Amino acid sequence: MRILVTGGAGFIGSNLAVDLARSGHEVVVLDNFSSGHFDNLKDFPGDVVAADVAENQWFAAVGKVGAVFHEAAITDTTVLDQKRMMEVNVEGFRRVLEFALKYKVPRVVYASSAGVYGNGPRPMKETQAPAPNNIYAFSKKVMDQTAACFVKRHPRMKLIGLRYFNVYGPRENHKGGAASMIWQLAEQMRSGKRPRVFKYGEQYRDFIHVKDVVKANLCALNGKKSAIVNVCTGQGASFNRIIEILNGVFGFSLAPDYFDNPYGFYQDETLGDPVAAKLLLNFQADLNIERGIESYIGAQHGVPA
Ligand SMILES: NC(=O)c1ccc[n+]([C@@H]2O[C@H](COP(=O)([O-])OP(=O)(O)OC[C@H]3O[C@@H](n4cnc5c(N)ncnc54)[C@H](O)[C@@H]3O)[C@@H](O)[C@H]2O)c1
């Protein structure tokens, strides 16, 4: 199938684009290279359209496709520029939907986020009220609402929103400060420093390996109806636990260096309910946190997975 992956130079988009191309699909990547990196596409054999997703000049360059995976977005949750965030994330999504209508694309899978739940009750369920506490999370909430309105008007199109939890894994280096906590802590420890975490490292995350996120997107290709579902493991791991696992992988015994949290809008705990994804997409994560970190950081450190 001919497939468009927006944001394909980014962390998740490049993992997905390369995987789809390896499976024999003809993949077109669209990216404006604002936060993504060409390094992520060095082994990608398909076409790359350099364009801003929020504009519409790219429609003809991409042309007819059988499905769209929409990953392009401003992804740094500390960006406070509301105008830019909404223009890229919400209007960019609207352009993708317009493109899908114009070219009669039967299926659009897009990246939403666990950020929409804010500090809402855990485990976070798709049915609970969104509580976004920054402009990034708000933009994802608006995307979900836009999707819900769109499917009412165009019921024949399959529109699947994936609320990714905290994704980690290969090809996230370019994100630097916005990369996963696992990447941040591993970088510090690799350079011999004590891992720095907010007091007292008990915050936890539903970390999910990017391989499983790619798997969820592939499952969404076969989803029978439009839906918005969590992409999570259903298991939480505290920052202290991550440090413990990393110490094991590296063979270190570095103690955490705790400091005060400077952010007013921090999401202390994320934990997803994976039931809807299993029911609607037959998706279930394969890697638990121990195996995920071993295969990611351990492989880079010469430890066989
Ligand atoms: N990584 C996570 O933990 C996580 C969690 C929840 C949701 N998400 C969502 O998943 C998607 C992918 O995130 P990621 O982690 O790969 O981030 P990323 O920053 O690595 O990738 C985003 C890509 O979008 C591109 N982009 C940004 N603005 C664009 C524009 N106007 N036009 C065209 N391309 C543009 C960037 O250059 C980049 O390549 C995003 O929608 C993000 O919000 C990610």
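Numbers for residues simply follow the sequence, beginning at 1. Note that the coordinates shown come from a computational prediction; the quantities given were computed from them, not determined experimentally.
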Do [Y] and [X] meet the salt-bridge criterion of a basic N to acidic O distance under 4.0 Å?
{"X": "Lys141", "Y": "Asp144", "result": "no"}
{"X": "Glu294", "Y": "Arg291", "result": "no"}
{"X": "Arg95", "Y": "Asp52", "result": "no"}
{"X": "Glu87", "Y": "Lys83", "result": "yes"}
{"X": "Arg190", "Y": "Glu187", "result": "yes"}

Handout entry: Non-neighbouring partners of Asn166 that pass side-chain contact (heavy atoms from CB on, under 4.5 Å), sequence neighbours left out
Key =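 Testing Asn166 for side-chain contact (heavy atoms from CB on, under 4.5 Å), a comparison that skips the adjacent residues, returns Arg205, Phe207, Thr270.
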Exercise for the section: Evaluate side-chain hydrogen bond (donor to acceptor under 3.5 Å, both in side chains) for Tyr258 paired with Asn240, printing each intermediate quantity in order. Expected result: CA-CA 10 Å; Tyr258 298 120; Asn240 287 333; 2.9 Å; yes
Problem - Atom OH of Tyr200: over 12 foreign heavy atoms under 6.0 Å - result: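 Not more than 12 within 6.0 Å, no.
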Practice task
Identify the heavy atoms of Gly223 and Lys158 that sit nearest to each other, and give their distance.
Solution key: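 Closest heavy-atom pair between Gly223 and Lys158: O-CD, 4.2 Å.
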Practice task
Drop me the distance from Asp273's CG to Asn230's CG, to the nearest 0.5 angstrom.
Solution key: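 Output value for this atom pair is 6.5 Å.
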Problem - Interatomic distance, Met143 atom CE to Met86 atom CE [nearest 0.5 angstrom] - result: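 Reported to 0.5 Å precision, the distance equals 10.5 Å.
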Exercise for the section: Output yes when a side-chain donor or acceptor of Asp257 lies under 3.5 Å from a complementary backbone atom of Arg194, and no otherwise. Expected result: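 It does not hold such a pair.
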Problem - Whether Phe99 and Trp58 hold their rings parallel, tilted or perpendicular, with breakpoints at 30° and 60° - result: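 Phe99 vs Trp58 ring planes: tilted.
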Exercise for the section: Would you check, one step at a time, whether the test ring-ring contact (aromatic ring centres under 6.0 Å, His included) holds for Trp183 with Tyr296? Expected result: CA-CA 10 Å; Trp183 184 89; Tyr296 172 32; 9.1 Å; no
Exercise for the section: State whether a side-chain donor-acceptor pair under 3.5 Å links Ser34 with Asn32. Expected result: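 Yes - a donor-acceptor pair under 3.5 Å links their side chains.
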Practice task
Not counting sequence neighbours, which residues clear side chain to side chain donor-acceptor pair (under 3.5 Å) with Asn222? List them please.
Solution key: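 Asn222 satisfies side chain to side chain donor-acceptor pair (under 3.5 Å) with no residue once adjacent residues are dropped.
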